[in-house]
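Predicted, not measured: the structure shown is a model, and the values here were computed from it.
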Amino acid sequence: MSAARDFLRAELEREYSAWFGLPPRSFLDGVVDAWMADDTNSKHRFDAIEAALPSAKRILDMASGCGSAVFYGLLHGYDMVGIDPEGWKHTFNGMKAKERGYPAEWMSRFHDGVGEALPFPDDDFDCVTSYQTIEHVQDVDRVLAEMVRVTRAGGGIHLRCPDYRGTFEGHYRVPWLPLFPRPLARAYLRAIGKPTAGLDTIQYVTKGRVLGILRDLEARRPGLRLRIVDLDRQAFTSGKRRLPGEFSWWKAKRYARGLFREETGINLFVYVEAKGTKGRP
């Protein structure tokens, strides 16, 4: 028996019940299994980072949650740091680390804090990674600016999150309207017996909004130069001859196949090619 596993399950049941509604047992079992699997759960994230930025060694997981990415990185020789505002997740990470005999020093890699005010100096990291987080922050503009600030010139940012132009809400696990007006979304959730508290934790992030924030940040910071790569587009075109517009057609077909059943996502790598004035804008 694992006390850490039992603690994790109890906290997930509490949070889901309060915010989004308790999911089926099989779904919750999968979440628990994933967040206990430090040796495998985050491999896909590091594969993407290694492909985009092979030199990355010092990496910040912005919203490190239940620690699987930080522990995966440490297990594989990366200089990992994590930050998260939720106290129970830090408690869980300590329990898990103790059960598995991880070095005591590893717990010092986890920091308590939020993305709007990262407690790290300028240019501290080769890479900042954020996975299914940006949609939950208080100030998307501020968080993206902070991620750029702590990333060195020549480094990069890996960003994955939902795109709320989609027709499925992944936290509630229900069909959804694109950019669902909040009064209507609240009424809909009540009608299907879901708590509405979770809606207040969600920002309607879209790819266009993220790109706009980053381009505005460039315009306001002399010397800052970003190169933004859509990793889904890159994977689609890599090593293949494609016709003009073929990626857009593929995306449209994928969107149609997943209509009201699959979450639409954003998958970007932001290369910080040059930086001007240091400090918070």
If only atom types and distance count, is the side chain of [X] paired as donor or acceptor with the main-chain N or O of [Y] below 3.5 Å?
X: Thr201; Y: Gly198; value: yes
X: Glu105; Y: Pro103; value: no
X: Arg160; Y: Asn267; value: no
X: Glu273; Y: Arg225; value: no
X: Asp126; Y: Gly155; value: no

Please give me the minimum heavy-atom distance between [X] and [Y], naming the atom from each residue.
X: Lys275; Y: Arg149; answer: NZ-O, 2.8 Å
X: Leu189; Y: Pro195; answer: CD1-O, 4.2 Å
X: Tyr16; Y: Phe27; answer: OH-CE2, 3.5 Å
X: Ala145; Y: Leu217; answer: CA-CD2, 3.8 Å
X: Asp84; Y: Glu86; answer: OD1-N, 2.9 Å
X: Tyr172; Y: Lys194; answer: O-NZ, 3.7 Å

Would you mind checking if [Y] and [X] are paired as a salt bridge, meaning a charged N to carboxylate O distance below 4.0 Å?
X: Lys207; Y: Asp230; result: yes
X: Arg215; Y: Glu218; result: yes
X: Asp29; Y: Arg9; result: yes
X: Glu146; Y: Arg142; result: yes
X: Asp200; Y: Arg182; result: no

Residue pair Leu60, Leu118: steps toward the side chain to side chain contact (heavy atoms under 4.5 Å, CB included) verdict: CA-CA 10 Å; Leu60 172 65; Leu118 294 174; 4.1 Å; yes
Contacts of type side chain to side chain donor-acceptor pair (under 3.5 Å), residue Asp61, not counting sequence neighbours: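 In terms of side chain to side chain donor-acceptor pair (under 3.5 Å), with neighbours along the sequence ignored, Asp61 is linked to Arg45.
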Qualifying residues under side chain to side chain donor-acceptor pair (under 3.5 Å), relative to Arg242, sequence neighbours excluded: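 If we apply the side chain to side chain donor-acceptor pair (under 3.5 Å) test to Arg242, skipping adjacent residues, the hits are Glu246.
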Below 4.5 Å, heavy atoms only, C-beta onward: do [X] and [Y] meet side chain to side chain?
X: Ile59; Y: Val81; value: no
X: Lys251; Y: Tyr255; value: no
X: Asp38; Y: Tyr72; value: no
X: Trp35; Y: Asn41; value: yes
X: Asp123; Y: Val150; value: no
X: Glu99; Y: Ser2; value: yes
X: Leu144; Y: Val210; value: yes
X: Leu268; Y: Leu211; value: yes

From CA spacing to verdict: side chain to side chain contact (heavy atoms under 4.5 Å, CB included), Ser26, Leu28: CA-CA 5 Å; Ser26 59; Leu28 202 59; over 6 Å; no
Evaluation steps, ring pair (Phe, Tyr, Trp, His ring centres under 6.0 Å), between His158 and Phe46: CA-CA 10 Å; His158 183 216; Phe46 284 83; 9.7 Å; no
Trace of the side chain to side chain contact (heavy atoms under 4.5 Å, CB included) decision for Met36 with Arg100: CA-CA 11 Å; Met36 291 295 292; Arg100 297 190 171 171; 3.5 Å; yes
With a 4.5 Å cut-off on side-chain heavy-atom distances among I, L, V, M, F, W and Y, is there a chain of contacts connecting [X] to [Y]?
X: Val128; Y: Leu231; result: no
X: Val229; Y: Leu226; result: no
X: Val174; Y: Leu22; result: yes
X: Leu75; Y: Tyr78; result: yes
X: Ile213; Y: Met62; result: yes

Straight-line distance of [X] [atom1] to [Y] [atom2], nearest 0.5 Å:
X: Arg233; Y: Ser248; atom1: CZ; atom2: OG; result: 5.5 Å
X: Leu8; Y: Asp33; atom1: CG; atom2: CG; result: 9.5 Å
X: Ile83; Y: His111; atom1: CD1; atom2: NE2; result: 7.5 Å
X: Phe120; Y: Met147; atom1: CZ; atom2: CE; result: 12.0 Å
X: Gln203; Y: Ile134; atom1: CD; atom2: CD1; result: 9.5 Å
X: Tyr188; Y: Glu169; atom1: OH; atom2: CD; result: 9.5 Å

Side chain to side chain contact (heavy atoms under 4.5 Å, CB included) partners for Trp249, two or more places apart: Lys253
Pair listing, ring-ring contact (aromatic ring centres under 6.0 Å, His included) test, anchored in residues 192-227, at least two apart: Tyr164-Tyr204
Short side-chain donor-acceptor distance under 3.5 Å, Glu263 and Trp176: no
Leu159/Val270 under side chain to side chain contact (heavy atoms under 4.5 Å, CB included): CA gap, chis, key distance, verdict: CA-CA 8 Å; Leu159 180 65; Val270 182; 5.5 Å; no
Stepwise ring pair (Phe, Tyr, Trp, His ring centres under 6.0 Å) test for Phe260 and Phe168: CA-CA 5 Å; Phe260 300 112; Phe168 186 84; 9.4 Å; no
Gln138 atom CD, over 12 foreign heavy atoms within 6.0 Å: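 Counting other residues, nucleotides and ligands, CD of Gln138 stays at 12 neighbours or fewer.
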Phe269 and its side-chain contact (heavy atoms from CB on, under 4.5 Å) partner, picked from Leu53, Ile157, Thr129: Leu53
Axial cation check for Tyr271 ring with Arg227, 6.0 Å and 45° limits: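 Checked: cation-pi criterion met.
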Residue list, ring pair (Phe, Tyr, Trp, His ring centres under 6.0 Å) with Phe71, at least two apart or on another chain: Tyr102, Phe110
All salt bridge (Lys or Arg N to Asp or Glu O under 4.0 Å) counterparts of Asp124, not counting sequence neighbours: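 With neighbours one apart ignored, the set is Arg58.
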